[in-house]
Amino acid sequence: MAPVKERIPKSGSERTTRYKEGVLARIISTTQDSVVFIDSSGAIVEFNRAAEATFGYEAREVLGCNVKMLMPDPYRKEHDGYLENYKRTGEARAIGTIRTVKGRRKSGEVFPLELSITELPPDSPVRYAAFLRDISEKSEMQAKLLEQQRLASLGMASSILAHEVGNPLNNIGLEAQLLSRRMKKTADPSAARIGNILDEIERLRRLLDEFRSVARVHQHAFEPCDLADVGDYTVRQIEQQAKDFRIVLERKVEWGRAVVQGHPDKLRQVALNLAKNAIEAMPDGGTLRLTVTVQEDLAALTVEDTGVGVPEGVKILDAFQTTKPDCTGLGLAIVNQIVTSHRGCLSWQSVPGMGTLFRVALPMFGQENSA
Amino acid sequence: MTQHRLLIADDDPLCLSALAQFFAEEGFIVEAVDNGTAALDQLGSESFSLLITDLNMPGATGLELLAFIKKADLKLPAFIISANTDSEAKEQAGAMGAAGYIKKPIQLDDLLECVRNQLS
């Protein structure tokens, strides 16, 4: 077949236009930002390589489809409405600003992205040009940083509180103990009242210990620890309590593999706290499953129960969030803080009425810096 | 039975008087001082069976009292009491020879048991 002879542009301005178009096309194709153009109906007419990489779709899969396929709900449901509204009223919500919105990949994963939209004339084949930047990593880092700052300030506040409350509480306690001794000697009937004061002091003392625990988290010295040891210790600690509540204990641990760099006492505290929560979630019996596994560079300890579950909307990892009347809501905040200070991640899933699963994932020994 | 002499040092007057009264009721001879300087004076001039001292006090801290005991080779067991429970202070007290580190709020019966065990 004879080669197609390229048409030679006749005029200088035509040459300039073609040159510009060529440059533009190259920029769109090679930029690291996702570029998505749509027509006035919302159908995709351009989907560059970066967009393919970001969203996981090939251009041919999306060209001609409505752009809302790249959005999660509620944007997905509302996008046609946005376009209509803009056509009718001229009130722009997305045009002319850089906004952080959510995108949806082919895999279904929802991720944060920065979006800027440029509008072209109504008769143009491209009505709106969107430039998008995936900011998942940046958002994750910011969230981690915020969490660390939050935990650090909680630690500092706890330290001050433990000290400032500790001294007057000590004095109240000492006076009450002296009074109690005297009253017992004289068989004074008010001794029981003093007993109540001492019980309340004991409650405050426990609260103070929890605060001290928050304040102490940043002070541990690390050493290699086998999570299997941690799991084994936990099971031994809760065996009797589990029996009392007719709870079946299932343990699946891999010895000698899930070795992490950590503080053994603190990791035991984490596992024990999770296991005790699991027992408390099963007042009528059930199954508690403790698992220690290794997945690539992560060692994981999971504690799963078949208990009451966590009601929706409760942010149980935040300090002072609790569903139990007698608890301070500091337990899981401390667990989270310990796990974070080990460069690990605490996650959970719960179905009300079915049970809850907590997973502590820690970088394997020697992998801490890549976590 | 020999009566043991206790030196108790705490700058918190309520805590000091409560501890002094308690140990006096338990049959100890108690010398109570409310600052570190007075505690050092007592340690330098009198003989005691045991010291109970707060960690942070004006004049000299509990750790400084421990250092003095060590330097003067007094062979005197000492308990540090404190609302400060950071592990550094606790480890330091242990390294300087404290017989125990007791956190406030104090359980008097527990403290008494520690003291008796130390003296027996």
Side-chain angles (χ1 to χ4, degrees), chain A residues 152 155-186 194-195 197-223 263-266 269 334 338 341, chain B residues 6 8-28 30 32 34-35 52-58 61-63 79-95 100-116:
Chain A
M156 194 183 285
S158 300
S159 174
I160 293 167
L161 190 75
H163 192 259
E164 295 307 314
V165 175
N167 279 316
L169 188 65
N170 178 54
N171 292 340
I172 298 168
L174 289 176
E175 296 296 339
Q177 288 173 77
L178 289 177
L179 274 176
S180 168
R181 279 160 58 90
R182 197 159 303 163
M183 285 175 161
K184 277 180 188 160
K185 274 182 196 157
T186 58
I194 299 289
I197 295 178
L198 287 170
D199 287 347
E200 292 303 298
I201 291 168
E202 175 56 21
R203 237 164 69 139
L204 286 174
R205 190 191 62 74
R206 281 202 300 269
L207 172 71
L208 214 56
D209 272 348
E210 291 197 27
F211 274 108
R212 283 171 170 152
S213 195
V214 173
R216 272 199 299 265
V217 164
H218 286 290
Q219 299 171 3
H220 2 119
F222 285 178
E223 57 187 83
H263 188 289
D265 287 345
K266 289 288 154 193
Q269 187 183 341
I334 294 168
I338 295 172
S341 74
Chain B
L6 296 189
I8 305 178
D10 197 321
D11 63 332
D12 185 326
L14 274 179
C15 180
L16 182 64
S17 82
L19 289 177
Q21 187 183 331
F22 173 72
F23 281 102
E25 283 176 12
E26 288 297 326
F28 292 85
V30 178
D34 67 359
N35 66 78
I52 297 172
T53 177
D54 189 17
L55 184 63
N56 296 313
M57 289 180 298
T61 65
L63 295 180
F79 285 99
I80 299 276
I81 50 173
S82 179
N84 175 356
T85 56
D86 75 56
S87 51
E88 204 181 318
K90 196 172 167 180
E91 278 164 25
Q92 233 176 329
Y101 190 100
I102 290 151
K103 65 183 178 190
K104 294 177 178 177
I106 296 166
Q107 291 291 327
L108 287 173
D109 291 337
D110 294 348
L111 178 60
L112 180 64
E113 196 184 327
C114 290
V115 167
R116 287 217 167 114

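Numbers restart at 1 for each chain; the letters A, B, ... are given by sequence-line order, proteins then strands. Side-chain atoms are counted along with the backbone in the values below, which use heavy atoms only and exclude waters and symmetry mates. Just so it is clear, the model here is predicted, and its values are computed rather than measured.
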Chemist: Any side-chain heavy atom of A/Leu208 sitting closer than 4.5 Å to one from B/Pro105?
Modeler: yes
Chemist: By a 4.5 Å heavy-atom criterion (distance strictly below it), what part of A/Asn167 contacts chain B: side chain, backbone, both, or neither?
Modeler: both
Chemist: For the interface with chain B, which of A/Leu198, A/Ile201, A/Leu178 has the highest count of heavy-atom pairs at distances below 4.5 Å?
Modeler: A/Leu178
Chemist: Is A/Ile172 close to chain B through its backbone or its side chain, or both, or neither, when contacts mean heavy atoms under 4.5 Å?
Modeler: neither
Chemist: Please round to the nearest 0.5 Å and tell me the distance separating atom CG of B/Asp10 and atom CG of A/Asn170.
Modeler: 8.0 Å
Chemist: What's the separation between atom CD1 in B/Ile106 and atom CD in A/Gln177, rounded to the nearest 0.5 Å?
Modeler: 8.5 Å
Chemist: Kindly indicate whether the side chain of B/Gln21, heavy atoms from C-beta on, has any atom under 4.5 Å from the side chain of A/Glu175.
Modeler: no
Chemist: Any chance you could measure B/Glu26, atom CD, to A/Arg181, atom CZ, to the nearest 0.5 Å?
Modeler: 4.5 Å
